[in-house]
Amino acid sequence: MKRPRHYWLFKSEPGSYSFDDLARDGRTHWDGVRNYQARNLLRDDVRAGDGVLFYHSNAKPMAIVGLARVVRGGYPDHTAFDPRARGYDPQSDPEQPTWFMVDIEPVGALPEPLTRERLKSVAALREMMLLQRGSRLSVQPVTAEEWSAVLKLAGVRWRAVTA
DNA sequence: GCCAACGTTGGC
DNA sequence: GCCAACGTTGGC
C-alpha cells in the first residue's frame, strides 16, 4: 500500500453516521454533502488512496476517532436524484450532476479518541482548519504535517495500520 | 440553549 | 447585482 497522496478530515455527527457504523459497513458512500466548497474537493481533489481523519462533530466528546481511506474518487451523488432521499435536490441533473461523493473504507479506530480539547493544545495543529473559528466545512484538507502530527499523537503509524 | 459564522434565497 | 432575512452548522 502506497502512502496516501493527500489527506482529509471528514466530519460526521455520530448520531447520523459514526466511525463504528463505517467499521460495521466496511465501506460507504460519503453522500449528502451539499456545500459547494466541499463538493469541489470531493469532485476534483479527493482521490482513491488518500487518507482520511474521521471526526465526530456535535458529539461528546468531539474527537478524531479513526482513520479511513478513500477507495473511490469523486463521482455523482445519486442520492440527489432520489425524491425520497434526504439529500434530494431536484436541481441536480443526472446529465450534469451538481453533487459528488466518494467512497471510503475504515482503516482503523484510534487507540483513544483524539479529542478536540487535546488537539487544541498541540502547537503543530494551531493552524488546522478544524480548529479555526467558524470553520464549518465538512470535508477539509489536512496538510502532511498535520496528518503526521495527528498520527503521532494517536500513537499509530499509517503503514502499520494499512499493512 | 445560545449564538457566531456562514451559505442561501428572494425581493427589488 | 445588492442585501436583508432566513436557515444551518456546530462549538461553547
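Just so it is clear, the values below take in all heavy atoms, side chains as well, and ignore hydrogens, waters and symmetry mates. To find a chain, count down the sequence lines: A is the first, B the second, and so on, and within it residues start at 1.
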Please state how far atom CD in A/E117 lies from atom P in C/dC12, giving the value in whole angstrom units.
7 Å

Length of the line joining A/L130:CG and C/dC12:C1', which is rounded to integer Å:
14 Å

May I ask you to say what A/K60 touches in the nucleic acid, namely base, sugar-phosphate or nothing, with a heavy-atom cut-off under 4.0 Å?
nothing

Within this structure, what is the CE-to-C1' distance between A/M129 and C/dG11, rounded to whole angstrom?
17 Å

Check A/D77 with A/R39, please: is the shortest side-chain N to carboxylate O separation under 4.0 Å?
no

Within 45° of the axis and under 6.0 Å from the centre of the six-membered ring of A/Y75, does NZ or CZ of A/R72 qualify?
yes

Taking atom P of C/dG11 as reference, at what distance in whole Å does atom CZ of A/R118 sit?
19 Å

Salt bridge flag under 4.0 Å for residues A/R69 and A/E105:
yes

Closer than 4.0 angstrom, basic N to acidic O: yes or no for A/D21 and A/R24?
yes

Report each atom pair, protein N/O against N/O of nucleotides 8-10 of chain C, whose distance is under 3.5 angstrom.
residue : atom : partner : partner atom : Å
C/dT8   : O2   : A/R136  : NH1          : 2.7
C/dG10  : OP1  : A/K11   : NZ           : 3.2
C/dG10  : OP1  : A/R136  : O            : 2.8

Apart from A/W99 itself, residues in the same hydrophobic cluster as defined by side-chain heavy atoms under 4.5 Å:
A/Y36

What integer distance in Å separates A/Q140:CD from C/dG11:C1'?
13 Å

Parallel, tilted or perpendicular: which describes the rings of A/F54 and A/H56, with under 30° parallel and over 60° perpendicular?
perpendicular

